[in-house]
Amino acid sequence: MKKGDHLFLVDGSGYIFRAYHALPPLTRKSDGLPVGAVSGFCNMLWKLMLDARNTDAGVVPTHFAVIFDYSSKTFRNELYPEYKANRSAPPEDLIPQFGLIRQATKAFELPCIEMEGFEADDLIATYARLACEAGGDTTIVSSDKDLMQLVGPTVTMYDPMKDRQINIPEVIEKWGVPPEKMIDLQALTGDSVDNVPGVPGIGPKTAAQLLEQFGDLDTLLARAGEIKQDKRRQSIIDNADKARISRELVRLKLDVPVTDALEDFVLQPPNGPKLIGFLKTMEFTSLTRRVAEATGTEAGEIEAVPVAVQWGADAHGPDVGSGTPVWSPSSPTGPSPRKNGEKEDGRNADASLAPSLRGEGKGEGQDTPTALANKLAAAAAAEKFDHAAYVTIRDLATLKAWVAEATEAGVMAFDTETNSLDPMQAELVGISFATAPGRAAYVPLAHKSGRGDLLGGGLVENQIPVRDALAVLKPLLEDGSVLKIAQNLKYDLVVMNRHGVDVRPFDDTMLLSYVLDGGTNGGHGMDPLSEKWLGHTPIAFKDIAGSGKSFVGFDQVEIDKATAYAAEDADVTLRLWRVLKPRLAAKGLTSVYERLERPLVPVLAEMEQRGISVDRQILSRLSGELAQGAARLEDEINTLAGERFNIGSPKQLGDILFGRMGLPGGTKTKTGQWSTSAQVLEDLAAEGHELPRKIVDWRQLTKLKSTYTDALPGFINPETKRVHTSYALAATTTGRLSSSDPNLQNIPIRTAEGRKIRTAFIADKGNKLISADYSQIELRVLAHVADIGQLKQAFADGVDIHSMTASEMFSVPVEGMPSEVRRRAKAINFGIIYGISAFGLANQLSIPREEASDYIKKYFERFPGIRAYMDETKAFCRDNGYVETIFGRRIHYPEIRSSNPSVRAFNERASINARLQGTAADIIRRAMIRMDDALVAARLSARMLLQVHDELIFETIESEVEATIPVVRHVMENAAMPAASMSVPLHVDARAADNWDEAH
DNA sequence: ACAGAAGCTTA
DNA sequence: GTAAGCTTCTGTT
C-alpha cells in the first residue's frame, strides 16, 4: 500500500442486519431459501466493483476487503460482562444468510476477514490505521455510528444504502461533535442495543453540549460539579465509572494483531465464471445477466455451484454463540476456538478469578467496577502464602502435566531465573510458573554443584535438560489462548527470545502498576507491590543468593531454596495481576496500558537485542587523548594551587579555593560545603582567576573519559560485538523511557570534545545510521494543549519559535534580531515547559530575580493562554491528585497539596511539565509501536536501535536509506493520530550517515 | 560493602 | 524551573 492507494473496507456484519431489515424479503424460488440480505449484499458489492473500474468515478479502490464479526464474545465482554448481553438471537430467516454472504464475498474474489475476540469494527479500525500509516486513504462501507470515530482526513465512510458519503461535516451535523469526540459522546449516551451503559439521562444532544462545554469526557467528569442542572450533575457524578467503562467499550481497537497484510487486499479483476456460478445458485437472474455482460462471460455455459447452507437455530449463525465457524464446513481457516475468556492479544479480565469472587460481584448486582476491584484487592490480601506447597518439577512427565494444567487454566504467571542481571548474557537457570493462587512450581534447569571451583562445577542431578524443557514449554508460552503474566516481562522476553521462544499473549504486572499508580510513592518492583497489595513480604533475593562479596549466581542456589523463591515470585505475580488488572478498567486506564505500554515491550526487547556497533579503536584513541589532556591540566592545577591534592574531591577543592587561596566563595551546598559547581567556577574564571577555568576543563575531560570512553568498551557484548542498553519502561514519572547499562540517552553532544564520542557509534559495513528527531516537540505540545494562537500559527508557518517569542515580547523585528534577545526568549520558552519560576529563570540567564520576574510577567501578558493553562493544570492536579497527558496517561502528585510552600511549588511545576513531557513521551511511544509494521509493510529492512526521548536511531542498508527516511518521518509525524489530532503539526528532521555524530 | 552527596551528561 | 543515569568521593556500617 502506498500514497494514493485507496482501501475499501466493507462492514459485512453490519450490512447483513441492515439489509435484512431494510430490504423487502426475498426467497429463492426453487426452495424458499431466504436470500434478501444476500441479494442486497451482492448488488452492493457489484456496484462498488463497477465503480472500481470506472476511473471517472473519483474514488477508485485499489484494495478491498470485507470484514465480519467472528463471534459475539470479545474482549469487551471481559471489560463488561453485560456487553451485548441483551442482544436477542437473529431472526430465523437471517441465519442461513450469514454463511451465504461469506460465500458471496469469496465468489467476488474478495478477502473475507474475521478474527476471534474482535468485532468487525476493531478490524476495520486497525486496517484503516494501517492504511493511513502507509499513506493511503480508506473508505469504510457502513453507516454504523460506532465507526464514525474513525472518520478523518484520510478516512471516510460510505453508506451504500443511501449512496451517501460520511465525512467530518456529516458526523458533526448528525451528532454535534467531530469524529474524535464520538468515543466520548458514545461513552455518555451509551447504547441500548449493545447494552453499553453510558450515563442515564444523557442523550446525544446533551452529551454533545457537555462535550462542547468541557472539551472531553475526562474534563467533564473531573469538573462535573460545575454543571448547573441538578439532576444532570448528579447523574454524571454518580455514573462516572459507567461512563469510563463505556468509553472502553465503544473505543475501537486500532492494534488488533491482524494476520492479513494490506498487500493481501489488492483488488483483483472479477472472476466472471466463478461469480456467475454463485449468482446462478442464488438464482439472482438480473444480477447474473449484468455480471455476464460486464465480464464478457457466457452465462449459459456456467453451472450453478453447490453451496453449503447452514439452517437451523442450533447453529446460532457465525455471529452469535460459540465461535465455531459454521458457514462453511470446508473452510477451517479461522482461528481455533478458544477457552472461556482468553484472547489472542492477551486481553483477559476475570476469566481466571475464583468463582466465589465473581459470584460476589454479580450477587450484589450494583457493583461498580471500582467497588469490584476493591473487593478483589481485599480478598487477595487475605489469602495466605505457603512455601511448602510449591512444587519442584524434575521430570518431563510432571512438566507436561503442569503445562496441561496451565493450558486448561488459560492464565499463568511465569518467571525466569538466571545468573545475570543482563538479559543478553544471562544463562537460563530455571523457570517458575503459577496457575492459581498458591499453586506454583519451579523447574530447575541448570543449577550447578561445586561451589566456585575453577571447573565451574557440574550440573546438579535430576534436572530436566534445558532443550527438553523448552521444547515442552515453547508451545505453552506461544499459545495464543493462554495468557502469560510476568513482572517486568521484557527481561524474560529477551532471555527466552535468545532461546528461540516467544512469549505471547502477555500481561505485565509492573506495567499495570505503572499505569495505575505512576508517580505515587513506592516503586513498581515486585517486592513493594507485594507489600502494598498482598500484605506479604516475598523472600528477598539476597537472602538466598547473598549480596556483595558473598553473592552467588542463582545457579549456585540450592534447589529447595530456589523453588521457594522462584515459585513464590510466580505466585505473587499471579495474585498481583488479579488485583491490578480489574483496577485498570475501573479507572479508565485500559487504553493507556494496551496502547502505550504493553505493545512497547516486544519493541524494546528487540531494540535491546539488536544493540548498536561501537568502535573500540575510536574510543581507545579518544581515551588516550583525554588522559593526556587531563594529565597536563593536573600538573598546571597542582602548580597553581601550590600543592598536590585530589582534584576530584569537591571537599578538598573547596578548601583550597575558598579557604587557603581566599577566593570569594559563592554558594554553599546543603551539607555546608562550599559549592564548586561549574557555575561557581565559571563565575570565578570570568573574574580572571586561572585555576577555576582549568578545574572546569579537567572535570570535562575526566568525565568524558571515565563515563564514556573508558566505560563503553566494557559494555560490548563478546558474542554480538555490539552494545546492548537496557530500557526501563516504568522508571520515570512522566512516561519517558530511561536507559541504563549503559545509559545511551546521555551521550555527549554539546561540546566539540564530547561529540567525538558519538563518532564511535557506527553502522556496520554497508549500512548507515539514520537519526530522526522531533523538532521542538514539547513546545508544540504546549501550543496544542494550552491552545496558544500565536504559537500554533508560528509552528504552522514554520517560523523560528524563539525569534517569534522574542519579537512578540520585546517588540523587535525578527530580522536583524540580536542573538542575546533570542537567547533570552529561548530560555523563557524552556522555562515555561519546566513550570517556570523567577528564581530558575534568573539562574539560567544570570540576571537578577526581579528582572526575570518582569520577563515572566511580560510573557504572560503577551500569551495570556499560557498562564490560564498553568493555573488550570495546577487546579486540576490539586483537585485530583494527578494530571493527564492527551492520551490519558495519569501522573500522580500526592504532595501537590502539601502545606510546605516549596514542596507544593515544586509539585506544581512538575505537574505542569508532566503534561507536556508525558504527552511528548506518549507520542514517540506510539511511533515506536507502529514503526516496525510500517517498515515491514514498506518492505524496508531498517530497524530501530535507540530512543533518546525525541529521537530514534535506525540502522539500515545503504541502498534503502532514501526510501526509509520518508517512512520513518511519516510514522513519527503522524504518531498522535488518530487517538488525538494535534492542532499543531509535528516536524521530524532525519539524516543518515556512517556514525551517530554525523547523522544527528 | 553500601548510601548519599556532588557533579556532569542528555532531552 | 522538568525528567533521567553514572562516576567519584566520603562517611558510615
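Chain letters run A, B, ... following the sequence lines, proteins first, then strands; residues in each count from 1. As the structure is a prediction and not an experimental result, all values here were calculated from the model.
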[X] side-chain N/O to [N] phosphate OP1/OP2 under 4.0 Å:
X	N	value
Arg750(A)	dT10(B)	yes
Thr702(A)	dG7(B)	no
Arg699(A)	dC8(B)	yes
Arg736(A)	dA4(C)	no
Ser547(A)	dC2(B)	yes
Gln700(A)	dT9(B)	no
Asn646(A)	dC9(C)	yes
Ser738(A)	dG5(C)	yes
Ser677(A)	dA6(B)	no
Thr676(A)	dG7(B)	yes
Thr669(A)	dA6(B)	yes

Parallel, tilted or perpendicular: rings of Phe876(A) and Tyr882(A) (30°, 60°):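 Judged by the thresholds at 30° and 60°, the geometry between Tyr882(A) and Phe876(A) is perpendicular.
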
- prompt: Where does the angle between the aromatic ring planes of Tyr514(A) and His524(A) fall among parallel (under 30°), tilted (30 to 60°) and perpendicular (over 60°)?
  reply: perpendicular

message: Surrounding CD of Glu690(A) (heavy atoms of other residues, nucleotides or ligands, distance under 6.0 Å), is the total greater than 12?
response: no

So [X], base contact, sugar-phosphate only, or nothing? Heavy-atom distance under 4.0 Å.
X	result
Ala678(A)	sugar-phosphate
Ile833(A)	nothing
Ile747(A)	sugar-phosphate
Ile912(A)	nothing
Gly835(A)	nothing
Ser837(A)	base
Ala827(A)	base
Gln673(A)	nothing
Phe830(A)	nothing

Flag the pair [X] / [Y] as yes when at least one side-chain heavy-atom distance between them is below 4.5 Å, and no otherwise.
X	Y	value
Leu511(A)	Leu729(A)	yes
Val515(A)	Arg890(A)	no
Arg889(A)	Arg925(A)	yes

Nucleotide [N], atom [atom2] - distance to [atom1] of [X] in whole Å:
X	N	atom1	atom2	result
Ile647(A)	dG7(B)	CD1	P	15 Å
Asp710(A)	dT8(C)	CG	C1'	14 Å
Glu895(A)	dT2(C)	CD	P	14 Å
Leu946(A)	dT10(B)	CG	P	16 Å
Ile777(A)	dT10(B)	CD1	P	20 Å
Lys705(A)	dC8(B)	NZ	P	18 Å
Arg755(A)	dT10(B)	CZ	P	10 Å
Phe715(A)	dG5(C)	CZ	C1'	11 Å

- prompt: Can a salt bridge be assigned to the pair Asp697(A) and Arg693(A) using a cut-off of 4.0 Å between side-chain N and carboxylate O?
  reply: yes

- prompt: Is the shortest distance from a Lys or Arg side-chain nitrogen in Glu998(A) or Arg758(A) to a carboxylate oxygen in the other one below 4.0 Å?
  reply: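 No salt bridge links Glu998(A) with Arg758(A).
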
message: I'd like to know if Gln745(A) reaches the base of dT10(B) with its side chain, counting only an N/O donor and acceptor under 3.5 Å.
response: no

From the set [options], return the single nucleotide nearest to any side-chain atom of [X].
X	options	answer
Thr733(A)	dA6(B), dA3(C), dT9(B)	dA3(C)
Ser649(A)	dT2(C), dT10(C), dA11(B)	dT10(C)
Asn743(A)	dA11(B), dA3(C), dC6(C)	dC6(C)
Ala711(A)	dT7(C), dA3(C), dA6(B)	dT7(C)
Ile749(A)	dA6(B), dA11(B), dA3(C)	dA11(B)

- request: Let me know, please, whether Gln844(A) or Pro650(A) comes out on the 5' side of the other along DNA chain C by nearest nucleotide.
  value: Gln844(A)

